[in-house]
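Since the structure comes first, as structure tokens, the remarks are kept for the end.
The basis for the numbers below is simple: all heavy atoms, side chains too, and nothing from hydrogens, waters or symmetry mates. Letters go in sequence order (proteins before strands), and every chain restarts at 1.
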Number of protein chains: 2
Amino acid sequence: MKTIMIQEMPDHLGETVRIGGWLANKRSSGKIAFLQLRDGSGFVQGVVVKEIVGEELFAKARSITQETSLYITAEVTVDERSSFGFELQVKDVEIIHEAVDFPITPKQHGTEFLMDNRHLWLRSRKQHAIMKIRDEVIRSTYEFFHLNGFTKVDPPILTGSSPEGTSELFETKYFDENAYLSQSGQLYMEAAAMALGKVFSFGPTFRAEKSKTRRHLIEFWMIEPEMAFVQFEESLEVQEQFITHIMQSVIQNCSLELERLERDVSKLEKYKAPFPRVSYDDAITFLNENGFDDITWGDDFGAPHETAIAEHHDMPVFITHYPIGIKPFYMQPHPDRDDVVLCADLIAPEGYGEIIGGSERIYDYELMKQRIKEHNLDESAYAWYLDICKYGAVPHSGFGLGLERTVAWISGADHVRETIPFPRLLNRLYP
Amino acid sequence: MKTIMIQEMPDHLGETVRIGGWLANKRSSGKIAFLQLRDGSGFVQGVVVKEIVGEELFAKARSITQETSLYITAEVTVDERSSFGFELQVKDVEIIHEAVDFPITPKQHGTEFLMDNRHLWLRSRKQHAIMKIRDEVIRSTYEFFHLNGFTKVDPPILTGSSPEGTSELFETKYFDENAYLSQSGQLYMEAAAMALGKVFSFGPTFRAEKSKTRRHLIEFWMIEPEMAFVQFEESLEVQEQFITHIMQSVIQNCSLELERLERDVSKLEKYKAPFPRVSYDDAITFLNENGFDDITWGDDFGAPHETAIAEHHDMPVFITHYPIGIKPFYMQPHPDRDDVVLCADLIAPEGYGEIIGGSERIYDYELMKQRIKEHNLDESAYAWYLDICKYGAVPHSGFGLGLERTVAWISGADHVRETIPFPRLLNRLYP
Ligand SMILES: [Mg+2]
Ligand SMILES: [Mg+2]
């Protein structure tokens, strides 16, 4: 008899198989018991009929406690009523280990309690669905970049200098030196793009920020592509194709999970390239004309502003050409204006905020040196970075996508803490 | 006219295309110049014939300096003599930015100089090839685990406790607490496997070890799969299938890079599952019978011992069933012996050492508590980890593969520092 995973059941219709799993939930009458089983690959209903399995096994099945681990021997049959489409006609149950008083019951629990038990909370149907969607976003990200000729490059996490100041950086002793945890690998990715053309990173980044919003994590994962010979407009096209690819992949491969999360798929299906472009200038005008008197040209957007703009279009929106004064030093100036730069943020709809920030990069050596000086940065810490402009500089662009915000948006999660297996927040390092 | 990448040239035979790139090297006579061009996707020869392009362009082409960036307009033709199979008949050259005195010339340079210029060294043919092989190992790793039903799970990098001591850990202030950089995500991956069945991680890990060998990095990337309902022997099969998959993928997709590195592919082709299993007992006997009098039963292997065992088999070798005293607390004891555990290390041939360490894990609650006590570990720091044994415990196994050692082995690199874009070593945090 074959031991299979729940997700493999469609290939074993009519066969008697063995599945290792856990009891997620159950209900029963005097004659029939319904076991909600999970094995990590999926959830399925096991039907236990007293007349078929006998008194003893039926009593045993009825008494299984939540999260008890077991092997089920059963026939795979069709179940028209469930979205999965299959169920198990149970023939035998072998208990591996009985769970007593599993802390997370089907009733409501407080957030702190769930966070303290994150290692157990991950077993629940909703958290499982979000983790599967996160996995599909990751899988389809690698797929997209490899299909498009990018090389994965891992920038360092530990860096020896903190040229922009240390206030939001985690610091550690590195033998006799000080080191800082990376907030972004971008500068390294630019150097790598000069060696490998089109590159992307996918790794953890750290921000020691005392923010407590539903969009902020202390430790989060970023995807940072960087492309030699690619200019501003072309980079926007890569970005919208990338978002479209992961969205379509999740819709196609995570339909059960999206249904479990009660996510409206018809909404997701609309989020397809091309995405509207709105200039920063026009965005400010739009906001001022629509009741926002708390923002003027030169200010950065707050969450309510981003939400209003994205809601107006009901689509992810590129806000382009921000004022030079509110953006980092390395962004390429507009060719005809000295007050804005060739950059864009991508704002997700439904209030999920900025998911991508990107720009064309400066590649003129003198201009880069001047910008470093204007920002009062330590030029010696940027010596290696300046070499990009010194030896065969080329036009290049890049962007950074925040994984957890993207997963929150696609899965419809209320808070980014549910989109990473073990969230790190202010006052939250456990488990 | 289409702008393409060098790697796309095979699809454009006979066409006139435009390529953005850099001059890697050149040679010329009075009538013909050969430009060695690179664009990150590959290397190709551009042929400039004076009679065709005229005096002026020929003189310009001959004078291009190393690492100058340029756009080349050229016809794609067949080149039977090169492994790539194609070359460019140059029609026009447009200089983007002239590089003056690029520091890394075709002559020999010292290691420290190359490491100080790692951001530029990456542009060289050999480093480019190793980075492409690293990328293929990464790509095929995701492919393998996704094809086999695994979910990617990212364990936290920052952890709040250091139950095994802090001597080799990097420490940082985490607001009002102390946090440590992860050396391994295994315990978190075990918890995740109880929620998601088969999981794998792929992320950076940190070891503050004062080692200066060709096998050690301070910051390195690990792949850590964990599998519920999978026992020791089955885990070995997953491991050898995994190694076989990445090896075959590199052979198939990186033939130009392997050739550039002068790696003997016929050797790599032999490294296919199944891999020999040698018990620790037999390995000690073998070593003692073959001139090693510096090791007895109970000792851990040093690099020369591992090399001798792998050389004897000329294959990756599993050394199984190590003494309980030299392995971590969480390993499942042998069912019939109390002196060894159900673990295996995979030793790569050709002197590259241990690339995988793995084991079946304890899932008996009382035994796990006892082992934590025996190792003088702080039980309270393991409270969440003990929940794995408390609520529906199941047999499970996992392993960890070191990315850089694996890339070093496959690419034939002398030192792991060449297998990661920006290596972190003792006294090496720059660039
Ligand atoms: Mg913003
Ligand atoms: Mg070892």
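- With hydrogens and angles disregarded, no donor-acceptor distance shorter than 3.5 Å links the side chain of B/Asp135 to the backbone of A/Thr151.
- Only the backbone of B/Phe150 comes within less than 4.5 Å of a heavy atom in chain A; its side chain stays farther off.
- In this structure, the portion of B/Tyr430 lying under 4.5 Å from any heavy atom of chain A is its side chain and not its backbone.
- In this structure a side-chain-to-backbone donor-acceptor pair under 3.5 Å is present from A/Thr172 to B/Glu171.
- Note that the OG atom of B/Ser41 and the NZ atom of A/Lys198 stand 9.0 Å from one another [nearest 0.5 Å].
- Top candidate by heavy-atom pairs under 4.5 Å with chain A, chosen from B/Leu120, B/Thr68, B/Val153, is B/Leu120.
- Contacts between B/Arg428 and chain A at a heavy-atom distance below 4.5 Å involve the backbone alone (N, CA, C, O).
- Using modelled atom types, one side-chain atom of A/Trp22 and one backbone atom of B/Gly392 make a donor-acceptor pair closer than 3.5 Å.
- Heavy atoms of B/Asn253 lying under 4.5 Å from chain A are absent altogether.
- Taking each heavy atom of A/Met5 and B/Gly149 in turn, the nearest pair found is CE-CA, 4.4 Å.
- Between chain B and the residues A/Leu23, A/Leu158, A/Leu426, the largest count of heavy-atom pairs under 4.5 Å involves A/Leu158.
- Contacts of A/Glu209 with chain B are made by backbone atoms alone, with heavy-atom separations under 4.5 Å and no side-chain atom involved.
- When each of B/Phe145, B/Phe422, B/Tyr365 is checked for heavy-atom pairs under 4.5 Å with chain A, B/Phe422 comes out on top.
- B/Pro156 and A/Arg424 make their closest contact through CG-NH2, 3.4 Å (heavy atoms, listed as atom of the first residue, atom of the second, distance).
- Under a 3.5 Å cut-off, the side chain of A/Arg139 and the backbone N or O of B/Tyr142 do not form any donor-acceptor pair.
- The aromatic rings of B/Phe170 and A/Tyr174 lie parallel to each other, their planes meeting at an angle below 30°, with 60° marking the opposite boundary.
- Between A/Ala393 and B/Ile96 the shortest heavy-atom distance is O-CG2, 3.6 Å.
- Using a distance-only test at 3.5 Å, with no hydrogens or angles considered, no donor-acceptor pair links the side chain of B/Glu177 to the main chain of A/Leu429.
- For chain A, the nearby part of B/Phe202 is the backbone; its heavy atoms alone come within less than 4.5 Å.
- A 4.5 Å side-chain heavy-atom check between A/Pro103 and B/Tyr391 finds at least one atom pair inside the cut-off.
- Residues A/Pro155 and B/Pro421 have side chains not in contact (no heavy-atom distance under 4.5 Å, counting atoms from C-beta outward).
- Heavy atoms of B/Val199 lying under 4.5 Å from chain A are absent altogether.
- Summarising the geometry, atom CZ belonging to B/Phe175 is positioned 8.0 Å from atom CG belonging to A/Asn427; distances are rounded to the nearest 0.5 Å.
- Closest heavy-atom contact between B/Phe229 and A/Gly20: CZ-C, 3.2 Å.
- In this structure, B/Leu196 CG and A/His128 NE2 are separated by 4.5 Å, a value rounded to the nearest 0.5 Å.
- In terms of heavy-atom pairs under 4.5 Å with chain B, the best-connected choice from A/Lys210, A/Arg118, A/Lys152, A/Glu143 is A/Lys152.
- Most heavy-atom pairs under 4.5 Å with chain A, from the set B/Ala195, B/Ala383, B/Gly197: that is B/Ala195.
- In this structure, B/Trp221 and A/Gly203 approach most closely via the heavy-atom pair CH2-CA, 4.3 Å.
- The part of B/Leu181 that comes within reach of chain A is its side chain, from C-beta onward, which places non-hydrogen atoms under 4.5 angstrom from that chain.
- Rounded to the nearest 0.5 Å, atoms OG (B/Ser182) and CD (A/Glu219) are 9.0 Å apart.
- Here the shortest heavy-atom pairing between B/His119 and A/Trp384 reads CD2-O, 3.3 Å.
- Only the side chain of A/Pro204 comes within less than 4.5 Å of a heavy atom in chain B; its backbone stays farther off.
- Under a cut-off of 6.0 angstrom, the local environment of CG in A/Asp11 is crowded, with over 12 non-hydrogen atoms contributed by other residues, nucleotides or ligands.
- Looking at B/Lys390, only its backbone comes within 4.5 Å of chain A, counting heavy atoms on both sides.
- Using a 4.5 Å cut-off between heavy atoms, A/Ile138 contacts chain B through its side chain alone, with no backbone atom that close.
- The residue among A/Ala192, A/Gly21, A/Ala381 with the most heavy atom pairs within less than 4.5 Å of chain B is A/Gly21.
- Of all the listed residues (B/Gln7, B/Glu67, B/His146), the one sharing the greatest number of non-hydrogen pairs under 4.5 Å with chain A is B/His146.
- Here A/Lys132 is the residue among A/Lys132, A/Glu136, A/Glu8 with the most heavy-atom pairs under 4.5 Å with chain B.
- In this structure, chain A has no heavy atom under 4.5 Å from any part of B/Asp116.
- Contact tally against chain A (heavy-atom pairs below 4.5 Å) for B/Ile388, B/Asp154, B/Ile420, B/Asp39: the top residue is B/Asp154.
- Most heavy-atom pairs under 4.5 Å with chain A: of the set B/Ile218, B/Asp176, B/Asp364, B/Thr3, this distinction falls to B/Ile218.
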